[in-house]
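What's counted below: heavy atoms across the whole structure, side chains too, no hydrogens, waters or symmetry copies. What you are looking at is a predicted structure, and each value in this text was computed from that prediction instead of being measured. All chains are named by letter (A, B, ...) in the order of the sequence lines, taking the proteins before the strands, and each is independently numbered beginning at 1.
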Protein chains: 2
Amino acid sequence: MPTIKDIAKRAGVSGATVSRVINNLPNVKPETREKVQKSIDEMQYYPNSLARGMRSKKTNSIGLVLADITNPFYAETAKTIIELAGRHDYSIILCNTNNDLNEQHKYIDVLLQRKVDGFIFASVHCKDPSLDPVIASKVPCILYNRRMLQNDHINYVVLDNELGAYMAVEHLYNLGHRRIALVRGPNTFSTGRERFNGYLKALKSFGLKYDEKIVLQGKYSEKQSYDAAIKLISSKDRPTAIFASNDLMALSVLEAVISSGLRVPEDIAVVGFDDIEIASHSAIQLTTISQNRNMMAEIALDSLRKMINKESLQLPVQVVLKPMLTVRKTCGSKNPTSRN
Amino acid sequence: MPTIKDIAKRAGVSGATVSRVINNLPNVKPETREKVQKSIDEMQYYPNSLARGMRSKKTNSIGLVLADITNPFYAETAKTIIELAGRHDYSIILCNTNNDLNEQHKYIDVLLQRKVDGFIFASVHCKDPSLDPVIASKVPCILYNRRMLQNDHINYVVLDNELGAYMAVEHLYNLGHRRIALVRGPNTFSTGRERFNGYLKALKSFGLKYDEKIVLQGKYSEKQSYDAAIKLISSKDRPTAIFASNDLMALSVLEAVISSGLRVPEDIAVVGFDDIEIASHSAIQLTTISQNRNMMAEIALDSLRKMINKESLQLPVQVVLKPMLTVRKTCGSKNPTSRN
DNA sequence: TTGTACGCGTTATCAT
DNA sequence: ATGATAACGCGTACAA
């Protein structure tokens, strides 16, 4: 592989001049520039970004740590972030934790060694010691979608999950439901916790009493959620509606209801959370809580970039976006959200 | 950020010894090793992988270039590859081309600068000049899922797409269908081309005549496929079955059929290709052609690793895996594939 | 068992 | 406008 020296030799100039050409710096005679460029093209020279990184102390790479890339919510996030990052010459090193703290810890280690310029975490637990090294390293970092507890100075962009859950239950209540079950996410994730709180808050404000028998743990797992729904369905005081903590879980709830021979929404209404793309499919038509993922991703990346470039920016960045209710068929409403 | 020298100073040894400890090399007195390790921990030292890469000429990184991470087929692939790569200490730099040759070209440029140890492409076009620099660079490289035409020495792992398509049509034929439409992928992708050929081959072998009016271009796009299906449905000599070139397209076909007030499979049978996870959902139950993505991904990564490590390996690697027909509900068969 | 010294490819500084 | 040189952090050959 040719280096800057090979190009220099070939073009009959010094390495310094080649560097000037590569970096489009001034003070190079046009003819020299051309000559050098020609050698670069002929030799198929690619500047070594490792060497550049060593000098400049910047790698132009960002570590993106996701909970689960096969969840469309994260896949869509990844797509947006990769694209936006690329526009600013950042590469994305993608890590997938499966919500495993050990995995995350290992990835953080690797990313710290790779000297990424910044981190985006879409995977943290409420209490997450694996992030300590990142914080200690002072490498810019922002949380996405989930946040941590008791870490008041860390940056994040999240949704108002409590409000989202409240809106879901409110909608079901307005449709006449009085026994509304919850297939919830774990307390160890802020989303699971906050959506549960929103559910509670809604029950209280509508005068419904909390019944722990119809609040089951789905663990953000499809299998668990399916089982939870089966349990709800076969209980003797069956709920008339099920609110699931995310769309993937809601899909599993739908599976359970359908395979039990019941109808959605006539026998049981279902509402999800996230508005992943398949939710709008004709065969699914899931009523759900939407969030503007693109905006959330954009805010995360832009903030991170500013931190990296030490641009002025009010720290910590702590943005909470508003959710939206998207009404489709699974809730039984006669007034679906109009399409744009 | 502490460097190897800082650790050396703190532990009262030379940099060489620290290096020996980091790399678990022999010839270090146990006490010395401990002492050094202690300094490493205390100072939160992370070896600089840029510097290591410069010396060793290896970055332990692999460029994964995908057509579309939001397509579950690719997301599931990415997940597997990231996990397997991690086990062997490789990081994945993820690129998403949206099937745009220009994007791919740019990403290749970046990855070549980053000196990735290898490439996995799940995004190539049949004729794809953007790959020339990769080939010229001699950096190990393997294609996944799609291959190129007229490039006999390049490595790939693909499915027998022609056979897969043949099996789909054969199945529909056996169920009594005689007018089978195709919503196809573009000729510019080997998958689109090969699946089309399989369709043709099946028609011929069952004595059905090819009717170009029921072979429409879906371009691997959901919108296009929806429109194509609408067109098929409203044609006066309506097909009784539609075979779509991938599952995402099949889902759009389903949407079109459902929203036209027709029933699947009674009015129109539908078969897809890929067996993405949602295909098995109760509300969808898509009959489709399955491929063993995990195996395909594993072969790709293992082969690549061997090339990188210059282990003995029969080159070029050109693996063609066999597809499987997974029968669910959308084809109208009474005998769904048994579940494992 | 441990240390010294050089080079990996680049950029920034200083000189010419 | 161009060139020489040092430095970034690490691994390794060689010396001790």
Side-chain angles (χ1 to χ4, degrees), chain A residues 1-37 39-40 43-61 89 109-117 137 139, chain B residues 1-37 39-40 43-61 89 109-117 137 139:
Chain A
M1 280 235 179
T3 75
I4 217 170
K5 283 183 187 166
D6 301 313
I7 305 299
K9 201 169 294 173
R10 171 128 176 176
V13 299
S14 75
T17 299
V18 177
S19 177
R20 283 188 266 262
V21 172
I22 294 170
N23 296 292
N24 259 314
L25 294 178
N27 296 331
V28 181
K29 212 194 322 183
E31 315 148 38
T32 312
R33 195 179 290 274
E34 266 181 54
K35 199 170 50 180
V36 170
Q37 189 58 54
S39 301
I40 288 178
M43 302 194 71
Q44 315 204 61
Y45 163 76
Y46 294 87
N48 184 322
S49 62
L50 297 187
R52 298 180 116 174
M54 287 210 58
R55 285 286 324 187
S56 66
K57 302 287 183 194
K58 303 189 81 273
T59 55
N60 275 324
S61 60
D89 292 319
D109 222 87
V110 170
L111 294 173
L112 246 16
Q113 296 197 20
R114 290 192 181 274
K115 311 297 174 192
V116 292
D117 295 335
S137 74
V139 178
Chain B
M1 280 233 181
T3 75
I4 215 170
K5 282 184 187 165
D6 301 313
I7 304 299
K9 200 169 294 174
R10 171 130 177 176
V13 299
S14 76
T17 299
V18 177
S19 176
R20 282 188 264 264
V21 172
I22 293 170
N23 296 293
N24 258 313
L25 295 178
N27 297 331
V28 181
K29 213 196 317 185
E31 316 147 38
T32 312
R33 196 180 289 274
E34 268 182 53
K35 200 170 50 182
V36 171
Q37 189 58 55
S39 301
I40 289 178
M43 302 194 72
Q44 314 205 62
Y45 164 75
Y46 293 87
N48 184 322
S49 62
L50 297 187
R52 299 180 111 176
M54 288 210 58
R55 288 284 328 185
S56 65
K57 301 287 183 192
K58 303 187 84 271
T59 55
N60 275 322
S61 61
D89 292 320
D109 221 87
V110 170
L111 294 173
L112 245 15
Q113 295 198 20
R114 290 194 180 272
K115 311 296 173 192
V116 292
D117 295 336
S137 74
V139 177

For this session: Kindly determine whether B:Ile4 and B:Ile22 satisfy side-chain contact (heavy atoms from CB on, under 4.5 Å), including the steps that lead there.
Result: CA-CA 10 Å; B:Ile4 215 170; B:Ile22 293 170; 4.0 Å; yes
For this session: Please lay out, stage by stage, how B:Lys57 and A:Leu50 fare under the test side-chain contact (heavy atoms from CB on, under 4.5 Å).
Result: CA-CA 10 Å; B:Lys57 301 287 183 192; A:Leu50 297 187; over 6 Å; no
Exercise. Going by heavy atoms closer than 4.0 Å, what residues in residues 52-60 of chain B are next to DNA chain C?
Worked result: B:Met54, B:Arg55, B:Lys57
Problem set entry | Non-hydrogen side-chain atoms of A:Met1 and B:Ser137 separated by less than 4.5 Å | yes
Problem set entry | Set of salt bridge (Lys or Arg N to Asp or Glu O under 4.0 Å) partners for A:Lys29, sequence neighbours left out | none
For this session: Please name the pair of heavy atoms, one in A:Ala11 and one in A:Ser39, separated by the smallest distance, quoted to 0.1 Å.
Result: CB-OG, 3.5 Å
Exercise. In degrees, rounded to 10°, what is the bend between the two ends of the helix from C:dT1-D:dA16 to C:dT16-D:dA1, using five pairs at each?
Worked result: 40°
For this session: For residues B:Ile7 and B:Tyr45, report the shortest heavy-atom separation together with the two atoms involved.
Result: CD1-CB, 3.5 Å
Seminar exercise, completed: At a 4.0 Å cut-off to heavy atoms of chain B, the contacted part of DNA chain C spans C:dT1 to C:dG9
Problem set entry | Residues in contact with DNA chain C, drawn from residues 18-30 of chain A - heavy-atom cutoff 4.0 Å | A:Ser19, A:Asn23
Exercise. Side chain to side chain donor-acceptor pair (under 3.5 Å) with A:Asn48: which residues, sequence neighbours excluded?
Worked result: none
Seminar exercise, completed: With sequence neighbours left out, the residues meeting side chain to side chain donor-acceptor pair (under 3.5 Å) with A:Gln37 are A:Asp41
For this session: Could you check B:Ala51 against A:Ala16 and say which one's nearest nucleotide on DNA chain C is further toward the 5' end?
Result: B:Ala51
Problem set entry | Side chain to side chain, B:Val13 and B:Val21, heavy atoms closer than 4.5 Å | no
Exercise. Between B:Arg33 and B:Leu25, what is the shortest heavy-atom contact and its length?
Worked result: NH2-O, 2.7 Å
Problem set entry | salt bridge (Lys or Arg N to Asp or Glu O under 4.0 Å) partners of B:Lys58, counting only residues at least two apart | B:Asp117
For this session: Any pair with a residue in residues 4-17 of chain B that passes salt bridge (Lys or Arg N to Asp or Glu O under 4.0 Å), sequence neighbours left out, goes on the list, sorted by first then second residue, please.
Result: B:Arg10-B:Glu42
Exercise. With B:Asn23, which residues qualify under side chain to side chain donor-acceptor pair (under 3.5 Å), at least two apart?
Worked result: B:Ser19, B:Arg52
For this session: Check every nucleotide of DNA chain D for an atom under 4.0 Å from a heavy-atom of chain B, then give the first and the last such nucleotide from 5' to 3'.
Result: D:dG9 to D:dT12
Problem set entry | Verdict with reasoning, B:Arg114 to A:Asn60, per side-chain contact (heavy atoms from CB on, under 4.5 Å) | CA-CA 10 Å; B:Arg114 290 194 180 272; A:Asn60 275 324; 3.6 Å; yes
For this session: Using the test side chain to side chain donor-acceptor pair (under 3.5 Å), find all partners of A:Ser61 that sit at least two apart in sequence or belong to another chain.
Result: A:Thr59
